[in-house]
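So the structure is just underneath, and the comments pick up after that.
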Amino acid sequence: MPTITERAVLGMFYERLSQNTGTGYLDAICTPAFNSDQDSEDYAWLGQVPQLSERQGEKKFSQLRKTPWTVRNVEYQGGIAIPKKDILYDKTGQVRVRVNEMADRSQSHWAKLAAQLIIDGESGVCYDGQYFFDTDHSEGDSGSQSNDISVDLSDLPASVHGSTTYPSAGEAVLSIMKAVDQIIGFKDDRGEYVNENATEFLVMAGTGLGTPLLSALRARSIDGGDTNVLIEQDSYRIRLQVTPRLNTWTSKFAVFNTQGEQKPIIRQQRRPNNEATGYDVEGMLLEMLWLESEYCKLHGECLVSVETERAAAYGDWKKACLVTLTA
């Protein structure tokens with residue numbers, strides 16, 4: 001009897017998924033995957049509650065501004081063919097490796113979706129009808145606000161100057177702080193500051209800017225001896241995530257406020273209904289044509305496939321700021 005059964009494959013897949021590999025930084029900028037039971041979900045993007053004011057006469061009650069935002073699920077799938085003999089005589093655990101990789105791919109797929117949204121942020125529309133990264137967001141009494149800023153390196157008071165694709169550590173420090181200051185200054189539709197208590201931020205960039213940005217966050221002495229203010233302070237916790245998925249950005253990086261219930265990116269996962277065939281694992285439908293199947297008998301291989309319906313969409317733009325370096 002073969003040691004690898006259909007049930008064993010299911011167990012491998014579920015075990016690997018439960019480890020949640022490779023998605024750590026996504027949890028900082030994305031919502032947990034909302035459960036969906038239909039083709040699309042409508043989100044009521046509600047405005048903020050009013051600030052307290054002095055009572056004069058009767059109590060005052062304000063209506064919340066409501067902005068509709070629809071997120072539509074998309075079908076995705078992937079599959080592999082495993083030779084029958086590899087299943088019957090697998091002594092090196094290669095079947096487990098392949099099944100684990102399928103589970104990893106289903107998790108890293110979120111990273112692919114999120115990264116594409118970030119890259120397209122200057123042309124992708126979010127809930128307020130503006131591009132996600134835009135210079136003229138406006139909601140209610142907020143006034144015009146920009147989360148798409150340019151930093152001219154030649155204007156920065158840095159002792160050492162670099163280039164837009166490789167800024168000096170001092171220039172990187174000042175550029176990061178300009179984005180942090182921008183995020184902290186954002187107002188809601190009531191004209192109130194929404195991020196004034198923000199202390200935790202994530203900087204995301206492609207590999208080209210990784211080294212200078214890392215120097216900005218780690219080096220105690222920069223630019224020939226100047227004190228690095230990002231090190232010698234305890235007001236903010238700033239982390240860096242370098243990913244090749246953002247390598248089309250050679251002179252840009254994004255900063256995200258990672259605190260609060262609302263996140264810059266929404267994740268949505270549709271759950272298969274009870275009548276679905278196959279195995280429902282965390283919203284993914286795992287189907288197999290295994291050793292006993294007619295397909296395997298005819299072709300000498302087994303098929304394992306995963307399909308899912310999910311979506312990633314823009315969330316709260318006020319939690320993000322894009323920085324473009326110029327000279």
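This one's a predicted model, so the numbers in the text were calculated from it and none came from an experiment.
Heavy atoms only, all atoms of each residue included: Cys296 and Lys84 are closest at SG-CD, 4.0 Å. Between Met288 and Leu10 the shortest heavy-atom distance is CE-N, 4.4 Å. For the residue pair Thr165 and Leu209, the shortest heavy atom distance occurs at O-CD2, 3.4 Å. Contact between Gly283 and Gln269 at its shortest, heavy atoms only, is O-NE2, 3.1 Å. Annotation for Gln259 and Asn197: closest pair OE1-O, 4.2 Å, computed over non-hydrogen atoms. Across Leu153 and Ser163, no two heavy atoms sit closer than the pair CD1-O, 3.4 Å.
Asp128 places no side-chain N or O within 3.5 Å of a backbone atom of His137 that could act as its donor or acceptor partner. For Asp120 (side chain) and Ser123 (main-chain N/O), no donor-acceptor pair under 3.5 Å exists by modelled atom type. Between the side chain of Gln233 and the backbone N or O of Tyr236, at least one donor-acceptor pair lies under 3.5 Å. Checked by atom type and distance alone, the side chain of Asn147 pairs as donor or acceptor with a backbone atom of Phe132 at under 3.5 Å. Counting only distance, with no hydrogens or angles, the side chain of Thr5 and the backbone of Ala8 share a donor-acceptor pair below 3.5 Å. Counting only distance, with no hydrogens or angles, the side chain of Arg267 and the backbone of Thr31 share a donor-acceptor pair below 3.5 Å.
Of the charged side-chain nitrogens involved, none lies within less than 4.0 Å of a carboxylate oxygen, so that Arg72 and Glu309 do not count as a salt-bridged pair. A salt bridge does not link Asp86 to Arg98: none of the charged side-chain nitrogens sits closer than 4.0 Å to a carboxylate oxygen. Looking at Glu139 and Arg190, no side-chain N of the basic residue comes within less than 4.0 Å of a carboxylate O on the acidic one, giving no salt bridge. With salt bridges taken as basic N to acidic carboxylate O contacts below 4.0 Å, one links Asp39 and Arg270.
Taking CG from Leu213 and CD from Gln241, the interatomic distance works out to 12.0 Å, rounded to the nearest 0.5 Å. The OG atom of Ser138 lies 11.5 Å from the NZ atom of Lys187; values are rounded to the nearest 0.5 Å. Residue Lys112 holds its NZ atom at 15.5 Å from CD of Gln107, rounded to the nearest 0.5 Å. Between Thr243 atom OG1 and Ile118 atom CD1 the span is 8.5 Å, to the nearest 0.5 Å. Note that CG of Asp316 is 12.0 Å distant from CD of Glu261, once rounded to the nearest 0.5 Å. Separating the CD atom in Glu41 from the CD atom in Gln268 is a distance of 5.0 Å, to the nearest 0.5 Å.
The closest side-chain heavy-atom distance from Leu322 to Ile149 is not below 4.5 Å. Looking at heavy atoms from C-beta onward, Phe256 lies out of side-chain contact with Cys321 at the 4.5 angstrom threshold.
The only option from Asp136, Asp148, Thr135, Val125 that meets the side-chain contact (heavy atoms from CB on, under 4.5 Å) definition with Gln130 turns out to be Asp136. A side-chain contact (heavy atoms from CB on, under 4.5 Å) with Val173 is found for one member of Leu217, Asn228, Ile238, Ile231 and no other, namely Asn228.
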Passes side-chain hydrogen bond (donor to acceptor under 3.5 Å, both in side chains), Ser142 versus Asp189? Steps please. CA-CA 5 Å; Ser142 69; Asp189 61 327; over 6 Å; no

Give the intermediate values and the outcome of side-chain contact (heavy atoms from CB on, under 4.5 Å) for residues Ile222 and Ser168. CA-CA 8 Å; Ile222 58 175; Ser168 70; over 6 Å; no

Test Arg96 against Glu15 for salt bridge (Lys or Arg N to Asp or Glu O under 4.0 Å), laying out the working first. CA-CA 11 Å; Arg96 174 180 284 275; Glu15 179 184 4; 3.7 Å; yes

Working note: Trp317 + Tyr131, criterion ring pair (Phe, Tyr, Trp, His ring centres under 6.0 Å); need CA distance, chi angles, decisive distance, verdict. CA-CA 9 Å; Trp317 64 265; Tyr131 298 140; over 10 Å; no

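In this structure, the ring-ring contact (aromatic ring centres under 6.0 Å, His included) partners of Tyr295, at least two apart in sequence or on a different chain, are His299. For His161, there are no ring-ring contact (aromatic ring centres under 6.0 Å, His included) partners at least two apart in sequence or on another chain. Contacts of Glu200 classified as side chain to side chain donor-acceptor pair (under 3.5 Å), with partners at least two apart in sequence or in another chain: none.
Inspection of the Thr70 and Asp42 side chains reveals an N or O donor paired with an N or O acceptor under 3.5 Å. Remark: the Tyr166 side chain and the Glu171 side chain contain no N/O donor-acceptor pair separated by less than 3.5 Å. No side-chain donor-acceptor contact under 3.5 Å links Ser305 and Gln77. Donor-acceptor pairing under 3.5 Å is recorded for the side chains of Ser36 and Asn73.
The number of heavy atoms from other shown groups lying within 6.0 Å of CD (Glu75) does not exceed 12.
The cluster map of Ile, Leu, Val, Met, Phe, Trp and Tyr, joined by side-chain heavy atoms under 4.5 Å apart, puts Phe186 and Ile184 in the same cluster.
The six-membered or imidazole ring of Tyr314 lies away from that of Trp69, with a centre-to-centre distance of 6.0 Å or more.
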